[in-house]
Amino acid sequence: MPLFRCSICGENFPGILVGQNAPVGFYATCFIEAASPEEAEAVALERLRAEPTLDVPAGFRTEDARVLFEAIVEVNPHTERGPESGFSFFIMGS
């Protein structure tokens, strides 16, 4: 099955995720085995929704939080993946 590298950017998430008062964004990269780029995107979204790091308490959720796929690229199936590296957070507007 093909392997896809998904480069993801999240925007306008509540700063409470990282102890900030301002909205935050994040970058993440994940590798997904899937039949197509569209399937890889769907699987990556499922993983993000299940990710405890992004679990926002109900009172802090924002309407304008969004996730963008900057790239979904098929890579060699033998690409060294390493452990999932997590998220790189940043304060929005900085």
Side-chain donor/acceptor pairs under 3.5 Å, residues 3-21, sequence neighbours excluded:
unit_1 : atom_1 : unit_2 : atom_2 : d
E11    : OE1    : R66    : NE     : 2.8
E11    : OE1    : R66    : NH2    : 2.7

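- For E74, there are no side chain to side chain donor-acceptor pair (under 3.5 Å) partners at least two apart in sequence or on another chain.
- Cluster annotation: V43 and V67 are assigned to distinct hydrophobic clusters (Ile/Leu/Val/Met/Phe/Trp/Tyr, side-chain heavy-atom contacts under 4.5 Å, transitive).
- The stretch residues 49-63 participates, sequence neighbours left out, in these side-chain hydrogen bond (donor to acceptor under 3.5 Å, both in side chains) pairs: E51-T53.
- Under the side chain to side chain donor-acceptor pair (under 3.5 Å) criterion, S36 pairs with E38, sequence neighbours left out.
- For the ring-ring contact (aromatic ring centres under 6.0 Å, His included) test, no residue two or more places apart in sequence or in another chain qualifies with F60.
- Shown here are the ring-ring contact (aromatic ring centres under 6.0 Å, His included) partners of F90, two or more places apart in sequence or in another chain: Y27.
- The cluster map of Ile, Leu, Val, Met, Phe, Trp and Tyr, joined by side-chain heavy atoms under 4.5 Å apart, puts F87 and M92 in different clusters.
- Between E39 and I32 the shortest side-chain heavy-atom distance does not fall below 4.5 Å.
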